[in-house]
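What you see is a predicted model; the values in this text were computed from it and never measured. Chain identifiers are assigned alphabetically (A, B, ...) following the order of the sequence lines, protein sequences preceding nucleic acid strands; residue numbering begins at 1 within each chain.
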Amino acid sequence: MANQELAKIFYEIADRLASEDVEFKPYAYQRAAVTLETLEEDVKEIYERGGERALKEIPGVGESIAQKIEEYLKTGKIKYYEKMKKKLPINLEELLKVEGMGPRKAKVLYQKLGVRDLKSLERAAKTHKIASLPGFGEKTEKNILEGIAFVKRSKGRFLLGYIMPTVEEIVGRLRELREIQNLSVAGSVKRMQETIGDVDILATSKDPKKVIEFFTAKMPGIVKIWGKGPTKASIRVKEGFDIDLRVVPEKSYGSALQYFTGSKEHNIKTRKIAITKGLKLNEYGVFRGSKMVAGKTEEDVYRAIGLPVMPPEIRTDEGEIEAAMAGKLPHLIGYSDIKGDLHCHSKWDGGLNSIEELAESAMQMGYEYIGISDHTKFLHIEHGLDEKKLSRQRKEIYELNARFKTQNKKFRILQGCEANIMPDGSIDIADDALAKLDYVIAGVHSQMKMPKEKMTERIIKAMKNPNVDIISHPTGRLIQKRDEYQIDFERILKAAKETGTILEIDSFPDRLDLKDANIRAAKEAGVKMVINTDTHAKDQMNFMKYGIAQARRGWAEKEDIINTRPVEGLLKFFK
DNA sequence: GCCGTTTTCGGCCCGACTGTTTTCAGTCG
């Protein structure tokens with residue numbers, strides 16, 4: 001979609017203007033970029049509908065940016081941007097990933113040393129050409145080298161599911177310290193974003209020094225410590241990411257939590273609201289003149305500026321503040337609302353655990369049911385089940401369910417499968433075999449690079465199959481690895497609504513598919529969803545929380561998600 | 001460059017840290 005390409009260009013124009021010390025314009029371009037990035041309608045469609053006039057109705061887009069959008073749609077290029085790139089021919093996007101590198105430094109390094117990209121930056125730093133430049137020094141050079149290593153190692157961001165176990169362990173250890181009164185994660189972890197840059201933790205204490213000492217000495221797996229002061233410190237853990245701890249005064253804990261939780265965009269909006277009420281909001285509190293009027297809790301802070309507390313997952317300035325003002329905040333699905341996991345692979349298709357083991361885990365998690373959904377025969381490599389094996393598996397499930405009944409366990413195993421949607425939209429297994437299952441998941445596992453029109457048709461045809469109840473990982477992306485398939489999501493939603501097909505939110509940390517924007521669109525279209533883990537080993541059933549977070553970030557409520565219902569209610573959603 | 005229940009002109013969110021300086025620029029969140 002042109003929106004994303006244009007957003008990227010406008011972000012870069014903003015950075016390039018900043019490198020030239022231009023005032024305020026960078027902010028304008030950035031604003032336009034943010035809006036475009038989250039805009040649901042394709043700018044191309046907006047333009048075709050109403051020309052430049054319609055473009056100017058997009059918030060943050062005025063005369064000049066509208067013209068640039070028009071130019072891009074017509075010619076695929078923006079002369080103003082091309083000129084900028086000629087003037088400063090560097091890969092700014094790549095260079096800015098290095099911590100401590102900003103547009104100004106990048107420009108100087110190009111002018112003095114000809115640095116154009118990560119490679120030439122590394123060469124310049126390694127040959128000690130940077131340290132002697134005015135405004136730079138030994139330390140800067142060293143930081144650049146470390147920054148480059150960091151970018152290379154991690155691409156700068158980590159999957160939430162990768163860092164969360166470590167974060168939970170560290171928070172757990174800190175909680176043991178008597179000197180700590182309040183403790184919370186903040187930042188993107190608190191907002192449960194898909195990927196995390198670094199981890200922020202906030203605490204209050206009567207003895208901040210002791211807390212910092214404990215943090216820098218006793219946390220497991222520390223490889224580096226820096227920024228150590230009386231109330232703060234940063235560590236890097238062996239998993240490769242950074243954790244900042246700040247000890248703040250009790251009276252500012254709420255405002256600090258609000259501030260450090262963000263998002264940045266959410267904070268900008270809340271500060272502006274504060275200003276309209278004659279108040280100033282920062283990480284220390286809410287102030288009228290020099291008088292502090294709130295700060296102890298987030299509730300106090302938001303109340304002071306006339307808002308209710310919003311769930312961290314939706315603090316993105318994508319309408320939550322307006323919803324809060326109107327008293328129309330969604331009642332997001334809760335982390336304990338799920339009653340069963342319907343996408344679990346067993347030993348039958350090469351998963352790690354038996355059906356019985358998976359069922360035991362599900363019971364321990366407090367679920368009322370579990371759905372076994374092994375791959376079907378097209379996926380040889382995953383030991384896909386054919387009609388006969390499905391039939392034998394059914395017998396095993398029947399016997400287990402019978403046993404649970406005699407043991408008075410209120411728990412049921414459902415038999416499903418994860419069938420393959422073939423390139424022509426057909427399903428790789430006979431309809432009468434599918435009809436005998438409790439439900440059928442279908443997903444695309446081959447030929448993922450089909451053109452948009454064909455891929456959309458393919459999935460819609462599968463949804464029209466009277467046995468297909470759920471579409472698994474509907475967009476096929478792998479975060480940081482593979483893009484989504486090309487699909488017309490609006491048409492998919494329409495077909496899902498018409499056929500009563502459920503869309504899955506896959507909780508696997510590198511999938512999280514549907515993504516937040518798609519979930520929000522599905523909810524608005526009245527399409528039901530299911531949150532599953534796509535478990536291949538019983539421990540992975542714990543990924544459920546990431547799927548729930550994803551649903552919350554997409555504003556989903558309990559009633560939008562079918563596996564919040566008891567089994568009888570759940571079964572009603574299946575065709 | 002954008003925008004308007006204080007404005008069609010004059011403002012744009014805000015504070016802290018780092019590394020370089022000797023009062024500050026650049027970057028970050």
**Q.** Greater than 12 external heavy atoms within 6.0 Å of A:Lys129's NZ
**A.** no
Result for 5'-nearest mapping on DNA chain B, choosing between A:Ala106 and A:Leu281, is A:Leu281
A:Glu99 CD to B:dG19 C1', in whole Å, measures 14 Å
Working note: A:Lys523 + A:Glu557, criterion salt bridge (Lys or Arg N to Asp or Glu O under 4.0 Å); need CA distance, chi angles, decisive distance, verdict. CA-CA 9 Å; A:Lys523 175 195 162 76; A:Glu557 304 183 71; 2.5 Å; yes
**Request:** Would you check if A:Ser234 and A:Phe215 make a side-chain contact, meaning some heavy-atom pair closer than 4.5 Å?
**Result:** no
Q) Which part of the nucleic acid does A:Lys105 contact within heavy-atom distance under 4.0 Å: base, sugar-phosphate only, or nothing? A) sugar-phosphate
Under a 4.0 Å heavy-atom cutoff, the residues of residues 254-266 of chain A touching DNA chain B are A:Tyr259, A:Lys264
May I ask you to evaluate whether A:Thr140 reaches the phosphate of B:dT20, defined as a side-chain N or O under 4.0 Å from OP1 or OP2? yes
To the nearest angstrom, the CD1-P distance between A:Ile144 and B:dG26 comes to 14 Å
Discussion item. What's the gap between B:dT20 and B:dG26 when it is taken at their C1' atoms, as a whole Å value?
Written reply: 10 Å
- Pick base, sugar-phosphate or nothing for A:Asn267, based on heavy-atom distances below 4.0 Å to the nucleic acid. nothing
From CG of A:Asn143 across to C1' of B:dC28 the rounded distance in Å is 13 Å
Under 4.0 Å, counting only non-hydrogen atoms across every strand here, what does A:Leu17 touch: a base, just sugar-phosphate, or nothing? nothing
On the nucleotide B:dA16, are OP1 or OP2 found under 4.0 Å from the side-chain N or O atoms that A:Tyr284 carries? yes
chi for B:dT7 classified (syn = within 90 degrees of 0, anti otherwise) as syn
Closest to the side chain of A:Ile275, out of B:dC2, B:dC12, B:dC14, is B:dC14
Nucleotide by nucleotide, nucleotides 4-10 of chain B touches protein heavy atoms under 4.0 Å in the pattern (B base, S sugar-phosphate only, - none) -------
Fill in: Note, A:Gln540 side chain near A:Thr533 side chain (heavy atom, < 4.5 Å)
no
Note to self: When the C1' atoms of B:dC12 and B:dT8 are compared, how many Å lie between them, rounded to an integer?
What the structure shows: 16 Å
Side chain to side chain, A:Phe260 and A:Arg246, heavy atoms closer than 4.5 Å = yes
Original post:
Are A:Phe24 and B:dC12 stacked, counting the six-membered base ring, centres under 5.5 Å, planes under 30°?
Top reply: yes
* To do: Please measure how far the C1' atom in B:dT23 lies from the corresponding atom in B:dT18, and state the result in whole Å.
  => 15 Å
Rounded to whole Å, CG of A:Asp200 lies from P of B:dC28 at a distance of 15 Å
The salt bridge (charged side-chain N to carboxylate O under 4.0 Å, His left out) partners of A:Glu82 (sequence neighbours excluded) come to A:Lys85
(message) Would you measure the distance from the P atom in B:dT22 across to the matching atom in B:dC28 and give it in whole Å?
(response) 24 Å
When all nucleic acid strands are considered with a 4.0 Å heavy-atom cut-off, which category describes A:Gly227: base, sugar-phosphate, or nothing?
sugar-phosphate
In whole angstroms, the gap separating C1' of B:dG1 from CG of A:Leu55 amounts to 16 Å
Between A:Met101 and A:Arg271, whichever has its closest DNA chain B nucleotide further toward 5' is A:Arg271
Can you confirm whether A:Thr270 sits close enough to A:Ile305 that some side-chain heavy atom of one is under 4.5 Å from a side-chain heavy atom of the other?
yes
(message) Rounding to an integer number of angstrom, what distance separates B:dG1 and B:dT5 when you compare their P atoms?
(response) 23 Å
Practice task
List the steps and the verdict of side-chain contact (heavy atoms from CB on, under 4.5 Å) for A:Ile163 and A:Val199.
Solution key: CA-CA 9 Å; A:Ile163 65 148; A:Val199 179; 3.7 Å; yes
In short, salt bridge (charged side-chain N to carboxylate O under 4.0 Å, His left out) pairs touching residues 103-117 of chain A with sequence neighbours left out are A:Asp21-A:Arg104
What residues 124-139 of chain A contributes to the DNA chain B interface at heavy-atom separation below 4.0 Å is A:Gly135, A:Phe136, A:Gly137, A:Glu138, A:Lys139
For A:Lys280, which contact category applies under a 4.0 Å heavy-atom criterion: base, sugar-phosphate, or nothing?
-> sugar-phosphate
Open item on the list: With a 4.0 Å cutoff (strictly under), does any side-chain N or O of A:Tyr27 reach OP1 or OP2 of B:dG11?
Closed with: no
Between CD of A:Glu57 and P of B:dC3 the distance, given in whole Å, is 11 Å
When A:Lys515, A:Arg511, A:Arg553 are each screened for salt bridge (Lys or Arg N to Asp or Glu O under 4.0 Å) with A:Glu194, the one that passes is A:Arg553
In whole angstroms, the gap separating C1' of B:dG26 from CD of A:Glu20 amounts to 16 Å
The nucleotide from B:dG15, B:dG29, B:dC2 with an atom nearest the side chain of A:Arg31 is B:dC2
Margin query: Would you measure the distance from the C1' atom in B:dC17 across to the matching atom in B:dG11 and give it in whole Å?
Written below: 28 Å
Name the nucleic acid region contacted by A:Pro59, choosing base, sugar-phosphate or nothing; use a 4.0 angstrom heavy-atom cut-off, strictly under. sugar-phosphate
**Request:** Considering only atom P, compute the distance from B:dT6 to B:dC2 and round it to an integer number of Å.
**Result:** 23 Å
Check: Within a radius of less than 6.0 Å around CD of A:Glu168, do more than 12 heavy atoms belonging to other residues, nucleotides or ligands occur?
Finding: yes
B:dC14 -> Watson-Crick or G-U wobble partner, both distances under 3.5 Å, gives B:dG29
Categorize A:Glu23 for me: base, sugar-phosphate, or nothing, with a 4.0 angstrom heavy-atom threshold over every strand shown. nothing
Can you tell me if A:Glu490 has over 12 outside heavy atoms packed within less than 6.0 Å of its CD?
no
**Asked** When you check the side-chain N and O atoms of A:Ser205 and A:Lys210, is any donor under 3.5 Å from an acceptor?
**Response** no
Would you list the atom pairs, donor with acceptor, under 3.5 Å between side chains in residues 219-232 of chain A and any protein atom, with sequence neighbours excluded?
residue  : atom : partner  : partner atom : Å
A:Lys224 : NZ   : A:Glu146 : OE1          : 2.9
A:Lys228 : NZ   : A:Glu213 : OE2          : 3.3
A:Lys228 : NZ   : A:Thr216 : OG1          : 3.4

Taking B:dG15, B:dG26, B:dC14 as options, the one with an atom nearest any side-chain atom of A:Arg104 is B:dG26
If I pick the P atom on B:dG4 and the same atom on B:dA16, what distance separates them, to the nearest angstrom?
31 Å
Rounded to whole Å, the NZ-C1' distance (A:Lys68 to B:dC2) equals 12 Å
With a cut-off of under 6.0 Å to the ring centre and 45° to the axis, is A:Lys296 in cation-pi contact with A:Tyr253? no
